[in-house]
Amino acid sequence: MKVFNDVLTDPVYTKSDKSDPAFQKFLKSMIRDERDLPFLYLTIELTLTLLPLAILLFLPVPAWIWWTAAAAFTFLNNFRYKGSFGLMLHCTSHRVLFEKKYQLLNHYLPWVIGPLFGQTPETYYSHHIGMHHPENNMPDDDSCTMPFQRDSFRGFSRYLGSFFFTGIVHLAMYFIKKNRKKLLIRSVRGEILYILMCIGLSFVNFPATLVVFILPFVISRIVMMLGNWAQHAFICAENPDNSYKNSITCINTKYNHLCWNDGYHISHHLKPSMHWTEHPLYFRKTLHEYIENEAIVFDGIHFLHVWLWLMTKRYDLLAKHYVNIGNRFSSDEEVIAFLKQRTKKIDLATIPAANVTVA
């Protein structure tokens, strides 16, 4: 167990006293919130690296150049930029990036850069903003983790398979049920266009299409579901819609620097539009609510650790990084028993339909 000593190393925003260079002033004038300037720098970086490599792979170049470009694209896509881009897309889905007069540029990430990471245009937005947050991991949420044993690889495999092969169908059915036609069109349109693009480009250059679009698509779907599983693995069966009790928070981890404080998943569900730089301060300010609601907080690890240690049932490692806020537990054994109770499969039939309160 760890004790929270009021030290947080995760990124927050500090306004500089120095005057901005002309180029930086121009970039800031384009966006709605100057705290999102790192998103513009990352977007420019991706435009100057991944996009040229993707184009190069479709050109008739010598084999050694093609394989070098393929290796570089795959490495940068999956090991350098995957998390940073994915969570930038997440943040800009919640908070529009560009000012109104540059509104067209708000389509650049989901429609131009996103497909290079296997993100079908606007499907992520529709799923995450249109369904996941309103439903908050409850039964109507297609990505709900409750009906699975959440420390079971077999359970995760069923969860992943359902989302991978029928996710878009279930999402469409959800929007039909809720009569949300715009989100229905946006989600299905993006998915179908991406698939048709992959089919068409496969006839032009299958190896390039495989590297640039198909493999990133497969990997992104796996990573997204892996992350959501870990974020919503520990659930209180008596109060499953309480965001303090159906999600977790990961503090003091390098992941939060690379992925825009994504570890603060509890506060993100409590306040979805909160700016990513505000989460550490909000956590410290509202710590008493985390204590009162028996929230699960880990220090020094992130969601990939949580997922892996659940799959291998290494509750000892989870307990080692568990933050004992409120001094609730006196031993790692007590923490382990508590965590195991929170990962048990929940019968959705026992969840009242009207049980939709958030602490």
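This chain uses plain numbering: 1 for the first residue, then up along the sequence.
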*Given T9, which of D299, T253, N256, N252 fulfils the side-chain hydrogen bond (donor to acceptor under 3.5 Å, both in side chains) condition?*
N252
*Test Y255 against every option in D10, D262, N261 by the side-chain hydrogen bond (donor to acceptor under 3.5 Å, both in side chains) rule and name the one that passes.*
D262
Just how far is it from atom [atom1] of [X] to atom [atom2] of [Y], taken to the nearest 0.5 Å?
X	Y	atom1	atom2	value
S152	R158	OG	CZ	8.0 Å
T343	F148	OG1	CZ	14.5 Å
C144	H232	SG	NE2	9.5 Å
K18	S16	NZ	OG	6.0 Å
R180	S126	CZ	OG	9.0 Å
H107	Q103	NE2	CD	6.0 Å

State yes or no: are the ring centers of [X] and [Y] separated by less than 6.0 Å?
X	Y	answer
F234	F338	no
F283	F4	yes
H268	H94	yes

So, [X] and [Y]: side-chain donor and acceptor under 3.5 Å apart, yes or no?
X	Y	result
K82	S220	yes
E278	Y264	no
W276	D36	yes
Y108	T47	yes
S247	Q231	no
D241	N246	no
N137	E135	no
E292	Y244	no

Considering residues, nucleotides and ligands other than [X], do more than 12 of their heavy atoms fall under 6.0 Å from its [atom1]?
X	atom1	result
M173	CE	no
K285	NZ	no
K2	NZ	yes

For a 4.5 angstrom cut-off between non-hydrogen side-chain atoms, does [X] reach [Y]?
X	Y	value
L226	F156	yes
T74	L215	no
F217	F117	no
V323	F298	no
I235	R150	yes

Any carboxylate oxygen within less than 4.0 angstrom of a Lys/Arg side-chain nitrogen, looking at [X] and [Y]?
X	Y	value
E45	R80	yes
K28	E99	no
K320	D332	no
K340	E334	no

_Stepwise ring pair (Phe, Tyr, Trp, His ring centres under 6.0 Å) check, Y159 with W229_ = CA-CA 9 Å; Y159 176 76; W229 180 274; 5.1 Å; yes
*Passes side chain to side chain donor-acceptor pair (under 3.5 Å), D151 versus Y315? Steps please.*
CA-CA 10 Å; D151 61 359; Y315 281 95; 2.8 Å; yes
If you group Ile, Leu, Val, Met, Phe, Trp and Tyr by side-chain heavy-atom gaps below 4.5 Å, do [X] and [Y] land in one group?
X	Y	result
L89	L116	yes
W260	Y13	no
M197	I185	no
L46	L57	yes

*Kindly indicate, with the supporting measurements, whether the criterion salt bridge (charged side-chain N to carboxylate O under 4.0 Å, His left out) is fulfilled by E294 and R342.*
CA-CA 11 Å; E294 301 177 348; R342 287 284 182 94; 3.8 Å; yes
*asked:* Over 60° means perpendicular and under 30° means parallel, so tell me whether H132 and H127 are parallel, tilted or perpendicular.
replied: parallel
*Within the distance-only criterion (no hydrogens, no angle test), does the side chain of N324 pair as donor or acceptor with the backbone N or O of V3 below 3.5 angstrom?*
no
*Check for a donor-acceptor pair, side chain of H305 on one end and backbone N or O of H302 on the other, with a separation under 3.5 Å.*
yes
_Run F79 and F75 through ring pair (Phe, Tyr, Trp, His ring centres under 6.0 Å) and show every step you take._
CA-CA 5 Å; F79 297 99; F75 174 80; 5.8 Å; yes
